[in-house]
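Indexing begins at 1, ligand by ligand and atom by atom, following the structure's order. FYI, side chains are in, hydrogens and waters are out, and symmetry mates aren't considered; it's all heavy atoms of this structure.
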Amino acid sequence: MTSTLEDALAALRRGEAIGLPTETVYGLAADASNPEAVRRIFALKGRPADHPLIVHVADAGQIDRWARDIPEAARRLAAVFWPGPLTLILRRQADVPDEVTGGQATVGLRCPDHPLALALLQAFEGGLAAPSANRFGHVSPTTAAHVRDEFGSAVPVVLDGGDCQVGIESTILDLSGATPRILRPGRITRAQIEALIGEVAEGSASDSPRASGTLDAHYAPRTALLLMARAALVAEARQQQALGKRVAVLAMAPLPEGLPGIALPADADGYAHGLYAALRSLDALGANLLLAQRPPASRDWLAVNDRLRRSAAGAGWDQEAT
Ligand code: TXA
Ligand code: MG
């Protein structure tokens, strides 16, 4: 059954979690000011309770409701990139539930660029805590059907906003410390951020806030996945086939001749858009092994390479536990 905006509002007001479309990936959203509702998200995902959630807001005017000591850089970035795939980590207001922040002194804020999400946020008149709507460690969902596959009747209300346009999670920028730092790469690039606020650091520092998307073994399909250069991949696939193994390939277009699998566009944005759906489809083939062609190492492929590396790190082992 198709869920409506009214269904979603009613469920959120009852303290339930819903499937929320955004331009990046689908979120599992609940009322960010209701600790019990937020705890439901963790229970549904099987996510450790000390991993903080992003609060989704209707517009930049909401920043002060959730954060304080807000640097000028945050205002400038929000003015340009919101609604859009940029999450800002800021010092939190005292009344933000510990369930949302993982007990940390900071809160992550983002305004999603999706008409349904924005309409819901405006009608709800509050913040929505929402991690990606997948079980912990698994591939993020980019369609409403993916969310239903993950949670079934445990999450009865899923707003169908179509295929997520970006396809990988937002860029996370920590503005709570002395130096701005990108904790997770995404569609909004370091160069775009630096053009507005000057130099930023990249990667997590020892005192950085925790970000679960920064764990190895994340975004993982259940089938083992190996990353390799195209020529090596073709040779490996043939060798595995000769041994009677079933392999499937994730290539940059075109698909190598005679090998089963999926070819994604050879540009970084097009590839990101299709990546998670491709991983889910490949997983469903029941192959013994997934072989993914390693994309170029250039900067425009940074976010895709980050997700692929984590998919490869975890696949095939420890998946039941995460
Ligand atoms: O594009 C996205 O960001 C999607 C959509 C649904 O908005 N959400 C998403 O949520 O990717 P999640 O929970 O799967 O990843 C959010 C990341 C996590 O790595 C979390 O640890 C980090 O944001 N995060 C949230 N609040 C934080 C905070 N206060 N300090 C540091 N990291 C934080
Ligand atoms: Mg996630």
Practice problem: Please verify whether a non-hydrogen atom of T101 lies at under 4.0 Å from ligand 1. | Solution: no
Quiz item: Out of curiosity, is R92 lining ligand 1, as in a heavy atom under 4.0 Å away?
Solution: no
Quiz prompt | Among S132, A133, C111, G167, closest by any non-hydrogen atom to atom 8 (N) of ligand 1 | solution = S132
Exercise. From the options P21, P52, A117, S140, select the one whose nearest heavy atom is closest to atom 20 (C) of ligand 1.
Key: P52
Under 4.0 Å between a Lys/Arg side-chain N and an Asp/Glu carboxylate O for [X] and [Y]?
| X | Y | value |
| --- | --- | --- |
| E202 | R190 | yes |
| R92 | D69 | no |
| E150 | R280 | yes |
| D269 | R187 | yes |
| D95 | R65 | yes |
| R68 | D64 | no |

Based purely on interatomic distance, does [X] place a nitrogen or oxygen under 3.5 Å from a nitrogen or oxygen of ligand 1?
| X | answer |
| --- | --- |
| R47 | yes |
| T22 | no |
| Y26 | no |

Quiz item: Heavy-atom contacts under 4.0 Å between I172 and ligand 1: side chain, backbone, both, or neither?
Solution: side chain
Exercise. Between H56 and ligand 1, find which residue part has any heavy-atom pair under 4.0 Å and reply side chain, backbone, both or neither.
Key: side chain
Practice problem: May I ask you to check if any N/O/S atom from S132 comes under 2.8 Å of the Mg ion (ligand 2)? | Solution: yes
Quiz item: Has the side chain of Q192 got a donor or acceptor atom that lies under 3.5 Å from a matching backbone atom of T189?
Solution: yes
Exercise. Report yes or no: does D113 contribute a side-chain atom to a donor-acceptor pair with the main-chain N or O of E23 at less than 3.5 Å?
Key: no
Proximal ligand 1 atoms for [X], defined as those under 4.0 Å from one of its heavy atoms:
| X | result |
| --- | --- |
| V107 | 29 (N) |
| T106 | 28 (C), 29 (N), 30 (N) |
| S170 | 1 (O), 2 (C), 3 (O) |
| R184 | 2 (C), 3 (O), 9 (C), 11 (O), 15 (O), 16 (C), 17 (C) |
| R110 | 1 (O), 2 (C), 3 (O), 5 (C), 7 (O) |
| G27 | 6 (C) |

Self-check item: Over all atoms of both residues, closest heavy-atom pair of V57 and W82
Solution: CG2-CZ3, 4.0 Å
Quiz item: Under a 4.5 Å side-chain heavy-atom rule over Ile, Leu, Val, Met, Phe, Trp and Tyr, are V55 and L53 clustered together?
Solution: yes
